[in-house]
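Remember, it's a predicted structure, so these values are computed and weren't measured experimentally. When reading the values below, keep in mind they use all heavy atoms of this one structure, side chains included, and skip hydrogens, waters and symmetry mates. Numbered from 1 within each chain, the chains take letters A, B, ... in sequence-line order.
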Number of protein chains: 2
Amino acid sequence: MALVLQRAIALLRIFSAETPEIGLSEGSRLAGESKATVYRLLTTLCESGLVEWVPARKTYRLGPAVLELARVREATVPLVSVVEPVLEEMQEQTGETCHFSRFNGSAMAVVASVESRRVNRITMVGVDALPLCTTAAGQVFLAFADPRIVADALARTGIAGRDLELARQRAGQVRDQGYATVDHFEDEQIFGLACPVLGRNGRFLGALAVTAPPSRNTEQHFRAILGSLHEGCATLTTCLPD
Amino acid sequence: MALVLQRAIALLRIFSAETPEIGLSEGSRLAGESKATVYRLLTTLCESGLVEWVPARKTYRLGPAVLELARVREATVPLVSVVEPVLEEMQEQTGETCHFSRFNGSAMAVVASVESRRVNRITMVGVDALPLCTTAAGQVFLAFADPRIVADALARTGIAGRDLELARQRAGQVRDQGYATVDHFEDEQIFGLACPVLGRNGRFLGALAVTAPPSRNTEQHFRAILGSLHEGCATLTTCLPD
DNA sequence: TTCTTGTGGTTCATTGAGTGAACCAGTGGT
DNA sequence: ACCACTGGTTCACTCAATGAACCACAAGAA
């Protein structure tokens, strides 16, 4: 029910760090709706400020109203304002890029990130969603979140057969050792280490992660990062609602 | 057109710092829609994560998805990340609570704020919208924004006759002296001082403001605040897009 | 120049999605 | 036992959403 709303929301979600602005035809194509429909939806969204028309490029992009909504959400359920100081502290301790992400129904959505100050570092600019199977944060979700939610999430990715078995196996490993590591992302050599953040009731809330160039993954540094992660997780467990 | 969408957006905007959670009946009342309609809209919004169901209190509130949208918007058009450091600097210089707000179609929406560290201070907790006529930020908008937008905004407030004349007069004063001051907000004695932030093309972008207990409004402190404001405005003019 | 192919935007007859009155079932207070 | 609230659900009616077909325009090619 409320198909129009669903369409409109799907349209909103098309906007991302990779495609921050879309034209009418492009939006129509991406959303799989007729141009007339997309036009009507976007114009209505523009009226409210949720979307913005960019005359210079004849495109649409997310509008300032989403910031207002986010501010209200943050005032209702503080998340970023709680997570950010923890990430700052971790960045201080490890010197590396740190981030916190939550499952949003299809991937791990980056909630907040603090970048390393080193010249050779992992950047989070333009990254707003992390895949479930190929990132440390995602693997931590697969290992520690409610099995039903995980099963549902895996089903949606379309992963099946041998790959599905491997993912489950990997989740088991991660669950056993309490953290996940990866040594690459897509085609780049990247070291990633993530731990689960659980609420006071034990429910999975999100993943706290540190990423660095693989050259810095020495045994000593690894232990320092893991220590910082554990500390951060403990803080968040006590400070986050739920 | 797209009436359903308009209804849904109106519903989203009901959530505020003052009413962060609403029940079904309450929402139906506030939105002026039938319970069935509101139920359908809220459930659909919940599916996408834009709204969240709170079982403990049997209410709805804004969901985590709005944070994701805000992150994308912020990556597209940096605003908070630009304004926040400026506010920090101003708070350092003046010792007072500083904030930046933008016109959102009906009021000045607070984009970012940094609170004073003094014991007696003005807090921005639970404040997300500032009225146009009774706050320094609002008066700055009335004085410096595009006259057509201002006229439209004033019309919507329902202000007319003598009060409208007074507002216009006040806007003239503010335009002449380049800043706005107020000595109270609602029934509280509060000192407020605001300056307009204009884009490189001269268009009004928002209001930069400092607020303090009236007892601290000495001539010397006033000059310090005004200086800090001018500095902040200059920075924002060069750093903000548009 | 002219043709093609793209864009953003608009129209309008058709129809199915959205609507709300009326309906549960539950709860807390009197 | 009653009342006045909740949150949630049903279903016949109808009006709002839909998309094919339509502009006007712009950029590129022949």
Seminar exercise, completed: Under a 4.0 Å heavy-atom criterion, the protein footprint on nucleotides 7-15 of chain C, written with B, S and -, is SBBBB----

Exercise. Side-chain donor-acceptor pair under 3.5 Å between B/E115 and B/T123, yes or no?
Worked result: yes

For this session: With pairs defined as Watson-Crick or G-U wobble and both distances under 3.5 angstrom, please note down DNA chain D as a dot-bracket string, | for pairing with another strand.
Result: |||||||.|||||||||||||.||||||||

Problem set entry | Whole angstrom value for the distance that separates P of D/dA16 from CD of B/E33 | 12 Å

For this session: Indicate yes or no for a side-chain donor-acceptor contact from B/T237 to the backbone of B/R200 under 3.5 Å, with no hydrogens or angles considered.
Result: no

Problem set entry | Distance, rounded to the nearest Å, where A/L11 contributes CG and D/dA17 contributes P | 15 Å

Exercise. Could you state the CD-C1' distance from B/E21 to D/dG7, rounded to the nearest angstrom?
Worked result: 15 Å

For this session: Compute whether any side-chain donor of one residue and acceptor of the other, for B/S28 and B/S25, lie under 3.5 angstrom apart.
Result: no

Problem set entry | A/L3 side chain, from C-beta outward: closest of D/dA17, C/dA17, D/dG19 | C/dA17

For this session: Show your reasoning for whether ring pair (Phe, Tyr, Trp, His ring centres under 6.0 Å) applies to B/F141 and B/F103.
Result: CA-CA 7 Å; B/F141 161 77; B/F103 181 64; 4.2 Å; yes

For this session: Would you please confirm or rule out a distance under 4.0 Å between OP1 or OP2 of D/dG19 and any side-chain N or O of A/T37?
Result: yes

Exercise. With side chains defined as the heavy atoms from C-beta onward, is the minimum distance between A/L69 and B/L69 less than 4.5 Å?
Worked result: no

For this session: Taking only the side-chain nitrogens and oxygens of A/R7, find out if one of them lies under 4.0 Å from OP1 or OP2 of D/dT18.
Result: yes

For this session: Kindly say whether B/P131 contributes a backbone atom to a donor-acceptor pair with the side chain of B/T134 at under 3.5 angstrom?
Result: no

Problem set entry | Close side-chain approach of B/R61 to A/V77, heavy-atom, < 4.5 Å | yes

Exercise. Minimum heavy-atom separation for B/L67 to A/E74, with atom names?
Worked result: CD2-OE1, 4.0 Å

